[in-house]
Amino acid sequence: MLIYIAKRIVYTLPIMLGVTLVCFALVHLAPGDPLIAVLPPDASEQMKQQLMVLYGFDRPYHEQFLRWIWRAVQGDLGGSIATNRPVATEVFKAVGNTLMLSAVATFIGFALGTFFGFVAGYFRDTVIDKSASFLSVVGVSVPHYWLGMVLVIIFSATLGWLPATGAGPGGSDAWAWDWAHVRHIVLPAITMSVIPMGIIARTVRALVAEILSQEFIAGLRAKGLSEFGVFKHVVKNTAPTALAVMGIQLGYLLGGSILIETVFSWPGTGGLLNAAIFQRDLPLLQGTILVLAMFFVILNLIVDVVQTLLDPRIQRS
Amino acid sequence: MLLADKQATLGPITRSPGYWTTVWRRFRRDPVAMFALLVILAIIVVAILAPYIAPQDPYKGMSLRRLKPPGTPGFILGTDELGRDMLSRLIYGARLSLFMGVTPVIFALVIGSVIGIVAGYVGGWLNTVLMRTIDVFFAFPSVLLAIALSGALGAGITNGLVSLTVVFVPPIARVAESVTTSVRTRDFVEAARASGASALTIIRVQVLGNVLGPIFVYAMSLIAVSMILASGLSFLGLGVKPPEPEWGLMLNTLRTAIYTQPLLCALPGLMIFVTSISFNLLTDGLRSAMDIKA
């Protein structure tokens, strides 16, 4: 077991290196001058050269890359071109907000998804199953940015129950667990939870249906075990996979929150990415993507390890 | 006994229906999937016939008739923030939205299958190099990768198509690789090799024949995701640029009117939703129709 975990960690290292390489390549893929955001249109050639040296864009690629990694490992992601603030500070502030939103959304999605999945799996091929399954197809098919707009139309514009934008009263981004703040997270979290809800419901339904059709369940029932006792066995067999799917979904939401954050003006990494893209602030873009991708890689690693610990039957090479 | 006599005693020889005939027969009995198929065909027909059925010019606006609600005479679905006819823009929007959603999956299907089949068939170090590279792209959540790429490349239809293709190549390559690896060691491939078939012939006949079905269905299931992602890029201001009619972009530009004309704002997104759910239901139906063992 320990050997497997060690192997899995070692295997993650080249992936991480690859991820950094892709993030680095992104900046050099970008057409145009990397300094276009700060340079005035009438900048002299000399001023341009000075800035190139200042940001290190004048060095050969491999040297820039190694330098960037070396600093990144030490927690320095360079300076934002547009605001001149350190990228690391900006990203970690935003990641906190995105992480909170994604975690709440994953939790809602997991609760609803497992519920619908269990119901559908238990009442297979009945009307209940059909409706629960349809709901999960809706979950994976709905453009969530549009769902967010629809919820804003209903609950903010029409009913006026919940705020449409921001993370706190008066546009503050200092979070607190009181209703004045929590009401801001309700709509974006529900919107975001729809995708993991659909995927988890689908997975759980398939698992439950498969487990219920196995012989040991018939055996347990024949033995006279109560329906609740049987249910406990089903849960035990479903949990590792359902939890793994939940972990991966959290990673997807973290990386994919930009669309929903745009709809709700949520002060997270989505807003940062948006600013980085449209101001052509490449160090900020590079840094944000790197941090989000690293989160995803590490989350995958944790999910794999936890799943192996939960379910020793899983043999991996 | 002559063959003719044998036929006479056994009755006429009927050809057993082929695989795809059986699949189609099973698919036809699935009302949900058939309905989804009809919806998709309808959207495709609307997209093709857009110039003939759109009541107005989708580009021509008039500031006097901005943001008219649905039901306005002459503008059944109202007008957008520049006074352009909503129905005509939705009809024309089907062209770009479908194109942006389906094309990357087709490109990725071709590129990903080639990578996956080569990696799976050749095996060895080539497999390691190709598949470990693919793994790196799996380390990015798909939405993030699409947005990062098109954000770096800049807005535009071509850049949007390129980014989405890059997003869908890795999953298709992975499926193609695993199916090919499992087919490669099967007896009928060994038999073909023993009887002198070249590698290319084996790939063309034995491997493709068994790999194409699963990859095709898998790629179909990606179209729904691709539609949402492609429109999402335009919604963010990447992908399609104004004034082109595209559902995601329309959703973006109409956002300012969310308090004044809520119903109008919801329309383009509804189109994305209907298209994407139809593709998902169609794929589900096709998948269970192809699962003939059951």
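Given the structure is predicted, the values throughout are model-derived calculations rather than measurements. Side-chain atoms are counted along with the backbone in the values below, which use heavy atoms only and exclude waters and symmetry mates.
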Output the option from [options] having the highest count of non-hydrogen pairs under 4.5 Å with chain A.
options                            : result
F279(B), F137(B), F138(B), Y259(B) : Y259(B)
V225(B), L149(B), L251(B)          : L251(B)
A148(B), G248(B), S278(B)          : A148(B)
A146(B), S231(B), G154(B)          : S231(B)
N159(B), L270(B), L238(B)          : L270(B)

Need one label for [X]: side chain, backbone, both or neither, based on atoms under 4.5 Å from any heavy atom in chain A.
X       : result
D284(B) : side chain
S142(B) : both
A224(B) : neither
F235(B) : side chain

Return yes if a side-chain donor-acceptor contact under 3.5 Å exists between [X] and [Y], otherwise no.
X       : Y       : value
T269(A) : T288(A) : no
R8(A)   : T12(A)  : yes
N274(A) : T262(A) : yes

For [X], is it the side chain, the backbone, both, or neither that has a heavy atom closer than 4.5 Å to a heavy atom of chain B?
X       : value
L285(A) : side chain
F295(A) : neither
L273(A) : side chain

Residue F35(B) excluded, over 12 heavy atoms near CZ under 6.0 Å =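 No - once you tally the heavy atoms of other residues, nucleotides and ligands closer than 6.0 Å, there are 12 at most.
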Heavy atoms from other residues, nucleotides or ligands near CZ of F107(B) exceed 12 (cutoff 6.0 Å) |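 No - once you tally the heavy atoms of other residues, nucleotides and ligands closer than 6.0 Å, there are 12 at most.
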Heavy-atom pair with the smallest gap, counting every atom of I157(B) and M100(B) |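 That closest heavy-atom pairing would be CG2-SD, 3.6 Å.
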Hey, is R124(A) close enough to D129(A) for a salt bridge, meaning N to O under 4.0 Å?
->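 No.
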Can D135(B) and R174(B) be counted as an ion pair, charged N to O under 4.0 angstrom?
->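 Result for this pair is yes, salt bridge flagged.
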Heavy-atom donor-acceptor pair, N97(A) side chain to P267(A) backbone, under 3.5 Å =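 Yes, the answer is positive, given that a donor and an acceptor are paired below the 3.5 Å cut-off.
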Residue, of G18(A), S141(A), C23(A), G256(A), that accumulates the most heavy atom pairs under 4.5 Å with chain B =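 With the most close heavy-atom pairs to chain B, the winner is S141(A).
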Hey, which of L147(A), V140(A), I258(A), I248(A) has the most heavy atom pairs under 4.5 Å with chain B?
->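 Looking at each option in turn, the highest pair count goes to I258(A).
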